[in-house]
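To start, the structure itself, in structure tokens.
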Amino acid sequence: MTDYQKPDDLKSVPALIALAPVEANAFLAFNHAVERKDGLIPPKYRELISLAVALTTQCAYCLDVHTGQAAKAGATREEVAEAALIAAAVRAGGTLGHALLAQRLFERHRGDEEA
């Protein structure tokens with residue numbers, strides 16, 4: 001499906017806010033707080049963190065927004081590449097951690113509680 005996700009979908013945000021204003025405004029207030037410019041973490045690093053999270057959650061819209069904001073905040077292509085590879089390594093590490101849990105749960109389901 002080639003039209004599944006479109007950048008123009010972001011134009012529908014106001015309509016979504018109108019459908020659930022209490023929840024949407026709470027989300028937007030939180031989002032604005034974490035995007036503030038006067039925090040201890042500078043805007044460029046906030047955007048690189050956001051980009052890394054967007055890569056691991058695989059949100060195309062977030063990738064679009066945070067790639068653009070990272071560029072405006074002064075991030076380089078090299079920094080974006082490093083953030084992407086750090087995110088990939090952490091995602092792989094999470095898989096390994098869950099593999100350990102899966103092994104323990106397997107033993108529990110098999111009835112071998114002492115493993």
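The shown structure was predicted, so the numbers you read here are calculated from the model rather than taken from an experiment. Heavy atoms only: backbone and side chains are in, while hydrogens, waters and symmetry mates are out.
- Atom CD1 of Ile17 is separated from atom CD of Glu23 by 12.0 Å, given to the nearest 0.5 angstrom.
- Ion pairing between Glu79 and Lys44 holds under the 4.0 Å rule for side-chain N and carboxylate O.
- A distance of 11.5 Å separates NZ of Lys72 from OG1 of Thr67, quoted to the nearest 0.5 Å.
- Cluster membership for Val65 and Tyr45, using ILVMFWY side-chain heavy atoms within less than 4.5 angstrom, is not shared.
- In the displayed structure, Phe106 atom CZ is contacted under 6.0 Å by at most 12 heavy atoms of other residues, nucleotides or ligands.
- Put simply, CG on Leu63 and CG on Leu51 are 6.0 Å apart, with the number rounded to the nearest 0.5 Å.
- Note that CG of Leu105 is 4.0 Å distant from CG of Leu101, once rounded to the nearest 0.5 Å.
- Linking Ile, Leu, Val, Met, Phe, Trp and Tyr whenever their side-chain heavy atoms come within less than 4.5 Å leaves Ile86 and Leu48 in two separate clusters.
- Atom CG of Asn25 is separated from atom NE2 of His32 by 9.0 Å, given to the nearest 0.5 angstrom.
- With a 6.0 Å radius and a threshold of 12 heavy atoms from other residues, nucleotides or ligands, Arg36 has its CZ atom above the threshold.
- Here the closest non-hydrogen pair linking Ala73 and Pro43 is CB-C, 4.2 Å.
- Contact annotation: the side chain of His66 approaches that of Gln69 to within less than 4.5 Å [non-hydrogen atoms, C-beta and beyond].
- For Ile41, the CD1 atom is loosely surrounded, since the number of other residues' heavy atoms within 6.0 Å does not exceed 12.
- Using a 4.5 Å cut-off on side-chain heavy atoms (C-beta onward), Cys62 and Thr57 make no contact.
- Remark: Asp9 CG to Tyr61 OH distance equals 3.5 Å, nearest 0.5 Å.
- Closest heavy-atom contact between Arg46 and Ala33: NH1-O, 4.3 Å.
- At a threshold of 4.0 Å, the pair Glu107-Arg110 counts as salt-bridged, since one of the basic side-chain nitrogens sits closer than that to a carboxylate oxygen.
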